[in-house]
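So the structure is just underneath, and the comments pick up after that.
Just follow the structure's listing: the first ligand is 1, and inside any ligand the first atom is 1.
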Amino acid sequence: MENINWSEFGFGYTKTDFNVRCTYKDGKWGELEVSESDQVNVHMACTGLHYGQQAFEGLKAFQGPDGNVRIFRLEENGKRLQNSCHGIMMAELPLDIFEKAILKAVQLNKKWIPPYESGASLYIRPVLFGSGAQVGVKPAAEYTFVVFVMPVGPYFKEGFKPTDYVIYRGYDRAAPQGTGCYKVGGNYAASLRSGELAHDKGYSAVLFLDSKEKKYIDECGPANFFGIEGNKYVTPKSESILPSITNKSLCQIAEDLGLTVERRPIAVDELANFNEAGACGTAAVISPIRKIVDADNNIEYTFGEEAGETSLKLYETLRGIQYGTVEDKHNWNTIVDFE
Ligand code: PLP
Ligand code: COI
């Protein structure tokens with residue numbers, strides 16, 4: 001597109017030309033609708049506003065050097081949205097509607113897809129919420145699904161340069177057996193206060209611990225955690241973290257690269273054993289960690305000023321698959337047809 005400086009995009013909202021919507025009413029999902037407005041008109045008593053009936057997704061489309069545009073793990077994101085809907089009693093969106101809506105939103109906003117050389121990508125944000133009115137605490141009878149897209153750069157402005165994370169035991173993001181494993185807005189609201197405190201002190205994010213024992217690593221506000229110990233990729237197993245699709249992909253890539261993958265509870269003091277550590281997610285990609293400060297105990301776990309070689313290899317392989325320069329052995333990409 002003319003006069004767009006793609007390299008200036010950080011991770012933030014940009015209005016693009018079209019969004020795609022679908023509503024659930026009388027027990028069924030309707031037809032897809034295309035809108036040019038970025039406003040949604042909702043009932044003041046809708047459950048999305050009052051009772052947190054709301055879930056979202058985040059995925060990306062990448063333009064490769066071959067000119068093809070690939071959406072990474074479309075179906076996995078659709079299934080996770082269904083799981084979130086199930087978790088908070090919202091109408092589940094059929095996978096075919098999810099996929100069609102996303103393809104349409106990307107196709108209609110073709111001019112907003114960053115070119116390969118820019119290093120930016122097109123972030124796709126599907127959101128689904130209770131749009132039906134309800135004053136008693138009950139699930140709504142009506143739901144609205146919207147997909148919008150925007151070009152984005154790195155989530156943490158440092159990109160692949162390692163940054164610092166902090167542990168605060170005074171704040172929890174999600175309860176065991178609560179909603180931490182769903183991608184629902186309330187989890188993010190719960191992470192805001194500690195997140196701002198961390199930012200004010202110069203940290204990229206809070207590394208949350210399990211809220212029951214405060215003994216094990218859970219995840220960051222916007223991303224999962226992994227550590228590298230010799231030839232092992234180690235990542236937390238917890239019922240209160242979001243099952244990250246990036247992390248799942250990295251586990252497979254690690255295995256393909258000959259690493260051993262361990263998904264298990266990771267005690268805080270095990271951080272001392274890791275040679276490398278990182279945060280991973282769609283927005284964060286891999287954001288290497290320089291140090292983790294346990295602020296309650298004045299302990300620092302350090303991992304180096306530069307990203308380690310295993311993190312770099314994982315990053316390059318993941319990016320390569322997403323941009324089409326490394327073979328997509330596991331069929332993770334959906335190529336968008338612009339005909
Ligand atoms: N954890 C949380 C809390 C997130 O919000 C995200 C982002 O979606 C992730 C992890 C990473 O998940 P994914 O890799 O599927 O984007
Ligand atoms: C993502 O990685 O897609 C996220 O949703 C993380 C954050 C922006 C909420």
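Among the atoms of Ser244, some N or O lies under 3.5 angstrom from an N or O of ligand 1. Residue Arg80 has at least one nitrogen or oxygen atom sitting less than 3.5 Å from a nitrogen or oxygen atom of ligand 1, judged on distance alone.
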Pair Phe303-Phe274, ring pair (Phe, Tyr, Trp, His ring centres under 6.0 Å): steps then yes or no: CA-CA 8 Å; Phe303 308 100; Phe274 295 135; 7.2 Å; no
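Ring centroid separation for the pair Tyr143 and Phe129 does not come in under the 6.0 Å cut-off. Side-chain rings of Phe56 and Tyr188 approach one another, their centers coming within less than 6.0 Å. In this structure, the ring of Tyr123 has its center less than 6.0 angstrom from the ring center of Phe11. Taking the six-membered ring for Trp and the full ring otherwise, Tyr203 and Tyr165 have centroids separated by 6.0 Å or more.
The shortest heavy-atom distance from Lys248 to ligand 1 is not under 4.0 Å. In this structure, Glu57 falls outside the shell of residues with a heavy atom less than 4.0 angstrom from ligand 1. Close to ligand 1: Arg173, with a non-hydrogen atom less than 4.0 angstrom away. By the 4.0 Å heavy-atom criterion, Lys60 is excluded from the residues contacting ligand 2. Proximity of Arg125 to ligand 2 is established by a heavy-atom distance of less than 4.0 Å.
Comparing Ala284, Gly58, Gly281, Pro222 by heavy-atom distance to atom 6 (C) of ligand 1, the nearest is Pro222.
With hydrogens left out, the protein atom closest to atom 9 (C) of ligand 2 is Tyr188 CE2, 3.6 Å, a heavy atom. Scanning all protein heavy atoms for the shortest distance to atom 7 (C) of ligand 2 gives Pro222 CB, 3.9 Å. Looking at atom 3 (C) of ligand 1, its nearest protein heavy atom turns out to be Gly221 O, 3.1 Å. Looking only at protein heavy atoms, the nearest one to atom 2 (O) of ligand 2 is Ala283 N, 2.8 Å. Looking from atom 1 (C) of ligand 2 to the surrounding protein, the closest heavy atom is Tyr123 OH, 3.4 Å.
Of all atoms in ligand 1, listed by their number and element, those nearer than 4.0 Å to a heavy atom of Thr282 are 13 (P), 14 (O), 16 (O). Set against the non-hydrogen atoms of Phe56, the atoms of ligand 2 under 4.0 Å away are 5 (O). Taking a cut-off of under 4.0 Å to the non-hydrogen atoms of Tyr155, the atoms of ligand 2 that pass are 8 (C). Taking a cut-off of under 4.0 Å to the non-hydrogen atoms of Lys183, the atoms of ligand 1 that pass are 4 (C), 5 (O), 6 (C), 7 (C), 8 (O). When each atom of ligand 1 is checked for a heavy atom of Tyr188 under 4.0 Å away, the hits are 2 (C), 3 (C), 4 (C), 5 (O). When each atom of ligand 2 is checked for a heavy atom of Phe11 under 4.0 Å away, the hits are 8 (C). Of all atoms in ligand 1, numbered sequentially from 1 with element shown, those under 4.0 Å from a heavy atom of Glu219 are 1 (N), 2 (C), 3 (C), 10 (C).
Note on Arg264 versus Glu262: salt bridge recorded, some NZ/NE/NH1/NH2 to OD/OE distance being below 4.0 Å. A salt bridge links Arg169 with Asp294: the distance from a Lys NZ or Arg NE/NH1/NH2 to an Asp or Glu carboxylate oxygen falls below 4.0 Å. Salt bridge Lys248/Glu76: present, at least one basic N to carboxylate O contact under 4.0 Å. Salt bridge status for Glu75 with Lys79: present, with a side-chain N to carboxylate O gap under 4.0 Å. A salt bridge is defined here as a Lys NZ or Arg NE, NH1 or NH2 lying under 4.0 Å from an Asp or Glu carboxylate O, and Arg70 with Asp328 fails to meet this definition. For Arg173 and Glu219, the salt-bridge test passes: some basic side-chain N is under 4.0 Å from an acidic carboxylate O. At a threshold of 4.0 Å, the pair Arg290-Glu305 counts as salt-bridged, since one of the basic side-chain nitrogens sits closer than that to a carboxylate oxygen.
The part of Lys183 lying near ligand 2 is the side chain, judged by heavy-atom distances below 4.0 Å.
One N or O on the side chain of Asp210 and one on the backbone of Glu213 form a donor-acceptor pair closer than 3.5 Å.
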